[in-house]
> 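Here it is: the structure, laid out below.
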Protein chains: 2
Amino acid sequence: MSAKYGLLGLLSYGDQSGYDLNRTFSHSINNFWHTQTSQIYKELTSMEKVGWLTSHIVYQEDKPNRKVYSITELGREELHKWLDKDFIEKEMRIRNLFLIKVFFLGENKIDENILLFKEYKARCEATLNRLEKIDSNIEKFVENEKDRNRSLYWKMTARYGDYYYKMCIEWANEMIEILEKEKTK
Amino acid sequence: MSAKYGLLGLLSYGDQSGYDLNRTFSHSINNFWHTQTSQIYKELTSMEKVGWLTSHIVYQEDKPNRKVYSITELGREELHKWLDKDFIEKEMRIRNLFLIKVFFLGENKIDENILLFKEYKARCEATLNRLEKIDSNIEKFVENEKDRNRSLYWKMTARYGDYYYKMCIEWANEMIEILEKEKTK
DNA sequence: TGGGTCATGTAACCTGTTACATGATTAG
DNA sequence: CTAATCATGTAACAGGTTACATGACCCA
């Protein structure tokens, strides 16, 4: 219900093979929606079956043949239906594994928990650093006027990542402070 | 791999039936990990099968009988193994459906997109308001010294929600501003 | 008499993860 | 010689969603 539309959206920009899509996806949407290679091939097969995509084989001599997918009119309609659809609760929900751990940290020692939050913070910082290169990377992908318009929105998702990890770091800092104070009680 | 440990954690606080757990879950962990009633009953059955839980029937006269679950020693071990486990990439990943939409907004009109972000912002504000009552709600759940210690961590997850939705509102504001400027170009 | 709460689920389905398979070419 | 890249997947499983089923009691 999501990896599906990510792939459909990418194909609305132009034809790609499963292999291409896997790479495109991993440089873009993967930052906020993770997928496996195997899932990509599966979704493509299933979307072709329902007529959202068509495919044709491109024969290559020195490399394996490629199965190139194109979006159909029906596929394009489905994509826009999805994009225009009203908000659903799902889009607003937090889904955070780490918080489940935090919820049950009462059983652990405070010192361990401080370390956990420090480790968490360090990982957020690492990801934030990685994200900082994204904006210039996006520029490299821009090839025409349409892309230039699209890239505004690509950058918005990158900006979200920036906001997000900075927020997590702030939160972690506050939690570490609280735990340090708790220790001296 | 997650709703499972949420339930296991709640049962480590004391025995509960599926019905109880459904309510406890929906007032706590549901704020950052959503579940269906049906999933709760399924997970309980499967955890009993592998020996993490045991159950017994409590007969009632004027109400349906209850199937009350207790955590076993094995279940407790598994819970702590999970809590102590090193970070996995999964815990750090953003998984955000709305961002997939944003990524493809280039095909829509700017005015529509401004409205979309305003709607998004309004929903964040509504959720934030709802969350503000959580801290005092947590206090009501505290019944003993153990709970008092645990509640520190429960509140941390609530605090995350606070940080999170405020961040989303800030982000949305910046995006609206960008789009307003883009319009006048 | 209609809706809410109490209490249990099942069935079918969709989505996502893990692990594995194949095999040629190319660059260090 | 070895590892990476190109390129396709399949099989089995785990996790999550949607829809439905049952039935009694209580309150307005």
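In the text below, chain A, chain B and the rest are named by the order of the sequence lines, each starting its count at 1.
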> Are V50(B) and L74(B) linked, directly or through intermediate hydrophobic residues, by side-chain heavy-atom contacts shorter than 4.5 Å (ILVMFWY only)?
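Yes: a chain of side-chain contacts under 4.5 Å links L74(B) to V50(B).
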> Students often get this wrong, so: under 4.0 angstrom with heavy atoms, is N22(A) touching a base, only sugar-phosphate, or nothing?
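Nothing, no nucleic acid heavy atom in range.
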> Roughly how many Å is it from CZ in R23(B) to P in dG4(C), rounded to a whole number?
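Rounded to whole Å, this separation is 15 Å.
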> Separation of D20(A) atom CG from dA7(D) atom P, in whole Å?
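My rounded result for the distance is 7 Å.
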> Aromatic rings Y120(B) and F117(B): how do their planes relate, parallel, tilted or perpendicular, breaks at 30° and 60°?
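Rings of Y120(B) and F117(B): perpendicular, as their planes differ by over 60°.
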> Please state whether the rings of F98(A) and W171(A) are parallel, tilted or perpendicular, taking 30° and 60° as the class boundaries.
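Perpendicular.
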> Could you state the atom-to-atom distance from CD of E48(A) to P of dT8(D) in whole Å?
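Nearest whole value for this atom pair: 12 Å.
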> Check whether any side-chain N or O of Y19(B) sits under 4.0 Å from OP1 or OP2 of dC6(C), and answer yes or no.
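Answer is yes, contact under 4.0 Å.
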> Write down the distance between CZ (R66(B)) and P (dT5(C)), rounded to a whole number of angstrom.
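Going from R66(B) (CZ) to dT5(C) (P), I get 17 Å.
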> To the nearest angstrom, how far is K49(B) atom NZ from dG9(C) atom C1'?
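Answer to the nearest Å: 14 Å.
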> Taking M175(B) as the starting point, is it possible to reach M92(A) by hopping between hydrophobic residues whose side chains are less than 4.5 Å apart?
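Same cluster.
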> Under 4.5 Å between side-chain heavy atoms, counting indirect links through other Ile/Leu/Val/Met/Phe/Trp/Tyr residues: same cluster for I114(A) and Y153(B) or not?
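Yes; tracing contacts between hydrophobic side chains, which count when under 4.5 Å, links both residues.
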> Can you tell me the distance, in whole Å, between the CZ atom of F32(B) and the P atom of dG16(D)?
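For the pair F32(B) CZ and dG16(D) P, the rounded distance is 14 Å.
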> With a cut-off of less than 4.0 Å, is there a side-chain N or O of Q60(B) near OP1 or OP2 of dA7(C)?
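Yes, within the criterion.
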> Quick check on the helix from dT1(C)-dA28(D) to dG28(C)-dC1(D): what's the angle between its two end axes, five base pairs per end, to the nearest 10°?
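So the angle between the two local helix axes works out to 40°.
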> Other than Y19(B), what residues sit in its cluster of Ile, Leu, Val, Met, Phe, Trp and Tyr side chains whose heavy atoms are under 4.5 Å apart, directly or through others?
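Members besides Y19(B), by chain and number: Y41(B).
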> What does nucleotides 10-22 of chain C look like as a protein-contact string, B for base, S for sugar-phosphate only, - for none, at under 4.0 angstrom between heavy atoms?
B----SBBBB---
> E48(B): what forms a salt bridge (charged side-chain N to carboxylate O under 4.0 Å, His left out) with it, not counting sequence neighbours?
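E48(B) satisfies salt bridge (charged side-chain N to carboxylate O under 4.0 Å, His left out) with no other residue.
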> Heavy-atom count check: over 12 atoms from other residues, nucleotides or ligands less than 6.0 Å from K181(B) NZ?
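Count not over threshold, so no.
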> Expressed in angstrom and rounded to an integer, what is the separation of I100(A) atom CD1 from dG15(D) atom P?
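Answer to the nearest Å: 12 Å.
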> To the nearest angstrom, how far is N65(B) atom CG from dG9(C) atom P?
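Roughly 11 Å, once rounded to whole Å.
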> In chain order, what residues pass the side-chain hydrogen bond (donor to acceptor under 3.5 Å, both in side chains) check against D86(A), with sequence neighbours excluded?
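Per chain and number, D86(A) pairs via side-chain hydrogen bond (donor to acceptor under 3.5 Å, both in side chains) with no residue.
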> Just by modelled atom types, is the V68(A) backbone N or O under 3.5 Å from a matching donor or acceptor in the S55(A) side chain?
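Between the backbone of V68(A) and the side chain of S55(A) there is no qualifying donor-acceptor contact (under 3.5 Å).
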> For each nucleotide in nucleotides 22-28 of chain D, reading 5' to 3', give B when a protein heavy atom comes within less than 4.0 Å of its base, S when such contact involves only the sugar-phosphate, and - otherwise.
-B-S---
> Determine, using the 4.5 Å side-chain heavy-atom cutoff (strictly less than), whether V58(B) and L10(B) are members of one ILVMFWY cluster.
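They do not share one cluster, since no chain of ILVMFWY contacts under 4.5 Å joins V58(B) to L10(B).
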